[in-house]
Amino acid sequence: MKKQKIILKHCPHFYKILDFEIYEDDAISSKLISLYKEYIFSIDPANESELAKVEKIDLIISKYIEDYLFRKEIQNKCVNIEIDDTEDITKGLIDGILNLYEAYENGYTRNIYFARWI
């Protein structure tokens, strides 16, 4: 029980993520949220690097829920994540999502978007 409390302390967006209403035909969002839940409760809370990764993935999934453009980008590129046969599937997908987020942030900060008011 104490393990879950420590992990949830590092995941401020946990309940917002769980309360996200998923469309019926949106299989990727459903899988991504279940992957998030599975991953955060599978780590060792005594390991600081894993806790830092959990905080980052919590931020990413929260951004996924809030930002439509980011959601579409992740949904398009998520299916192309490659995982080695030797690594754990969950950790491989999480690492792939972290890499997608870094690539998105690098590309997004270089592009300037102008809103057009009519």
Side-chain angles (χ1 to χ4, degrees):
M1 184 63 131
K2 186 175 180 181
K3 175 184 172 181
Q4 285 92 2
K5 286 184 179 182
I6 294 171
I7 291 171
L8 289 178
K9 189 173 103 178
H10 291 275
C11 298
H13 305 107
F14 179 76
Y15 293 107
K16 180 176 73 170
I17 292 169
L18 290 185
D19 290 340
F20 179 65
E21 291 186 31
I22 302 169
Y23 294 118
E24 290 180 15
D25 60 341
D26 189 5
I28 293 176
S29 294
S30 175
K31 294 289 184 185
L32 199 60
I33 291 172
S34 66
L35 176 74
Y36 164 78
K37 286 191 301 188
E38 179 182 334
Y39 176 71
I40 67 168
F41 291 120
S42 70
I43 67 151
D44 178 23
N47 189 337
E48 292 295 323
S49 65
E50 287 183 354
L51 279 176
K53 195 184 258 190
V54 162
E55 290 174 0
K56 184 96 173 191
I57 200 71
D58 183 65
L59 177 74
I60 292 170
I61 301 299
S62 175
K63 182 171 177 70
Y64 175 86
I65 288 171
E66 294 172 351
D67 188 353
Y68 179 77
L69 293 175
F70 180 66
R71 185 179 320 143
K72 288 301 171 189
E73 183 77 18
I74 292 293
Q75 286 178 346
N76 290 335
K77 294 189 177 180
C78 191
V79 294
N80 296 329
I81 295 175
E82 295 180 8
I83 301 170
D84 294 335
D85 293 337
T86 58
E87 70 179 323
D88 182 35
I89 293 173
T90 304
K91 291 187 183 205
L93 286 171
I94 293 295
D95 290 338
I97 292 168
L98 289 169
N99 292 335
L100 288 175
Y101 176 74
E102 293 297 326
Y104 178 81
E105 285 296 313
N106 289 336
Y108 186 75
T109 56
R110 291 188 178 147
N111 297 329
I112 299 173
Y113 296 99
F114 293 103
R116 183 175 166 179
W117 290 84
I118 299 176

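Because the structure is predicted, anything quoted here is derived from the model rather than measured. The first residue in the sequence is number 1, and the count goes up from there.
Minimum interatomic distance between Ile94 and Lys53 (heavy atoms only, all atoms of both residues): CG2-CD, 4.3 Å. Across Ile17 and Ile33, no two heavy atoms sit closer than the pair O-CD1, 3.8 Å. Across all their heavy atoms, Thr90 and Glu38 have their closest contact at OG1-OE2, 2.9 Å. Leu51 approaches Pro45 most closely through the heavy-atom pair CD1-O, 3.1 Å. What you find for Val54 and Ile43 is that their closest heavy atoms are CG2-CD1, 3.4 Å.
Residue-environment remark: CG (Leu59) exceeds the threshold of 12 foreign heavy atoms within 6.0 Å. Applying the 6.0 Å contact sphere to NZ of Lys9 captures no more than 12 heavy atoms from other residues, nucleotides or ligands.
Ring pair Phe41/Phe14: centre-to-centre distance below 6.0 Å.
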Next on the checklist: Apply side chain to side chain contact (heavy atoms under 4.5 Å, CB included) to residues Tyr101 and Ile74 and explain how you reach the verdict.
Outcome noted: CA-CA 8 Å; Tyr101 176 74; Ile74 292 293; 5.5 Å; no
Item to check | Trace of the side chain to side chain donor-acceptor pair (under 3.5 Å) decision for Ser29 with Tyr64 | outcome: CA-CA 9 Å; Ser29 294; Tyr64 175 86; 2.6 Å; yes
Item to check | Test log, rule side chain to side chain contact (heavy atoms under 4.5 Å, CB included), inputs His13 and Ile61 | outcome: CA-CA 8 Å; His13 305 107; Ile61 301 299; over 6 Å; no
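In this structure, Cys11 and Glu55 have side chains that are not in contact, with every pair of non-hydrogen atoms separated by 4.5 Å or more. Looking only at side-chain heavy atoms (C-beta outward), Ile97 and Leu32 come within less than 4.5 Å of each other. Using a 4.5 Å cut-off on side-chain heavy atoms (C-beta onward), Asp95 and Ile81 make no contact. Contact annotation: the side chain of Leu69 approaches that of Tyr104 to within less than 4.5 Å [non-hydrogen atoms, C-beta and beyond]. Contact of the His10 side chain with the Asp58 side chain is not registered, since no non-hydrogen atoms from C-beta on lie closer than 4.5 Å.
Linking ILVMFWY residues whenever their side-chain heavy atoms come closer than 4.5 Å, directly or via other members, places Leu18 and Leu8 in the same cluster. The same ILVMFWY cluster, assembled from side-chain heavy atoms under 4.5 Å apart, contains both Ile60 and Tyr15.
Of the charged side-chain nitrogens involved, at least one lies within less than 4.0 Å of a carboxylate oxygen, so that Lys56 and Glu102 count as a salt-bridged pair. A salt bridge does not link Arg71 with Glu66: none of the charged nitrogens is closer than 4.0 Å to a carboxylate oxygen.
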